[in-house]
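Take a look at the structure below.
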Amino acid sequence: MALAEGNGAVIFSEEQEALVLKSWALMKKDSANLGLRFFLKVFEIAPSAKQMFSFLRDSDVPLEKNPKLKTHAMSVFVMTCEAAAQLRKAGKVTVRETTLKRLGATHLKYGVGDGHFEVTGYALLETIKEALAADMWSLEMKNAWSEAYNQLVAAIKQEMKPAA
Ligand code: HEM
């Protein structure tokens with residue numbers, strides 16, 4: 001669970017940032033496989049999520065050969081890493097406002113809901129657990145990735161709310 005200071009800033013330690021960045025540096029060498037395994041896990045748990053991706057719906061290319069799927073998977077990984085660094089530095093996710101607004105609008109438009117973000121978060125952690133050597137995976141590692149992902153998702157969801 002996130003620790004928050006009085007001003008609402010999240011306390012994300014140097015150690016937590018280091019866990020995320022160090023493990024990503026190891027995993028990204030195999031990013032194509034990683035991205036694929038990640039989203040295959042999402043679709044295994046939530047097959048209907050496939051329908052949301054226009055480039056899967058309208059394509060004859062088999063799932064595992066679809067480059068756009070890997071691109072999306074990498075966006076989730078890379079943006080979660082960036083969120084870890086931002087949380088440590090600023091106590092909050094500082095993705096550019098225009099980028100966040102676009103992400104909010106895209107995910108709203110395609111009908112991405114809380115359940116999808118949850119399943120994807122679970123699949124992300126499982127993918128990392130399988131990709132890392134057993135002695136690198138720990139509760140601290142899991143919590144650091146989970147915190148960074150959840151804070152990023154919260155920032156995106158903030159932009160998915162209909163304008164007040
Ligand atoms: C932290 C979590 C996530 C991040 C950082 C992320 C990132 C992105 C990015 C960068 C795009 C490209 C379009 C744009 O920039 O507006 C995109 C599109 C999209 N995302 Fe995500 N995403 C996340 C979670 C999810 C989840 C949980 C789902 C559903 C399971 C999802 C489904 C989609 C769909 C359907 C599109 C549009 C694809 C199309 O063009 O057909 N995203 N996302």
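Read the numbers this way: they start at 1 and go in the same order the structure lists the ligands and their atoms. Predicted, not measured: the structure shown is a model, and the values here were computed from it.
- Protein heavy atom in closest approach to atom 2 (C) of ligand 1: Tyr149 CE1, 3.8 Å.
- Taking only nitrogen or oxygen atoms, main chain and side chain alike, Thr120 does not reach within less than 3.5 Å of ligand 1.
- The protein heavy atom nearest to atom 34 (C) of ligand 1 is Phe53 CE2, 3.6 Å.
- Two residues are said to be in side-chain contact when any heavy atoms from C-beta on lie closer than 4.5 Å; Met27 and Ile128 meet this criterion.
- Residue Ser75 has at least one heavy-atom neighbour below 4.0 Å for each of these atoms of ligand 1: 10 (C).
- When the options Phe39, Phe77, Phe55, Phe43 are ranked by their closest heavy atom to atom 38 (C) of ligand 1, first place goes to Phe55.
- For Tyr110, every heavy-atom contact with ligand 1 shorter than 4.0 Å involves the side chain, none the backbone.
- For ligand 1, one of its N or O atoms has an N or O atom of Arg102 under 3.5 Å away.
- Near Phe117, meaning under 4.0 Å from any of its heavy atoms, are these atoms of ligand 1: 24 (C), 27 (C).
- Between the CG atom in Leu103 and the CG atom in Leu108 there is a gap of 12.0 Å [rounded to 0.5 Å].
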Notebook entry, point to check: Stepwise, does the ring pair (Phe, Tyr, Trp, His ring centres under 6.0 Å) test hold for Phe55 with His72?
Noted result: CA-CA 11 Å; Phe55 53 77; His72 183 263; 7.6 Å; no

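- Every atom of ligand 1 with a heavy atom of Ser54 under 4.0 Å away is listed here by number and element: 39 (C), 40 (O), 41 (O).
- Atom numbering of ligand 1 starts at 1 in the shown order; those under 4.0 Å from a heavy atom of Leu103 are 7 (C), 8 (C), 9 (C), 10 (C), 15 (O).
- Contact detail for Val112 and Met160: the closest heavy-atom pair is O-CE, 3.2 Å.
- Across all non-hydrogen atoms, the minimal contact from Leu152 to Val95 is CD1-CG2, 4.1 Å.
- Nearest protein heavy-atom contact of atom 3 (C) of ligand 1 is Val76 CG2, 3.7 Å.
- Once rounded to the nearest 0.5 Å, the distance linking CG of Leu40 with CG of Leu69 reads 7.0 Å.
- Under the ring-ring contact (aromatic ring centres under 6.0 Å, His included) test applied with Phe38, the options Phe43, Phe77, Tyr122 reduce to a single match, Phe77.
- Panel note: side chain Gln51, backbone Ser48; no donor-acceptor pair is recorded below 3.5 Å.
- To the nearest 0.5 angstrom, Lys142 atom NZ is 12.0 Å from Leu124 atom CG.
- With Glu159 contributing its side chain and Leu100 its backbone, the two residues share no donor-acceptor pair below 3.5 Å.
- For ligand 1, the atoms lying closer than 4.0 Å to a non-hydrogen atom of Met52 are 29 (C), 30 (C), 35 (C).
- The protein does not reach atom 12 (C) of ligand 1 closely, with no heavy atom under 4.0 angstrom from it.
- Looking at His107 next to ligand 1, an N or O pair under 3.5 Å apart turns up.
- Ranking the protein heavy atoms by distance from atom 5 (C) of ligand 1 puts Met79 SD, 3.6 Å first.
- In terms of N/O distances under 3.5 Å, ligand 1 is approached by His72.
- At the shortest separation from atom 28 (C) of ligand 1 among protein heavy atoms lies Val112 CG1, 3.6 Å.
- At least one N/O-N/O distance between Thr106 and ligand 1 falls below 3.5 Å.
- Note that CZ of Phe12 and CD of Gln86 are 11.0 Å apart. Values are rounded to the nearest 0.5 Å.
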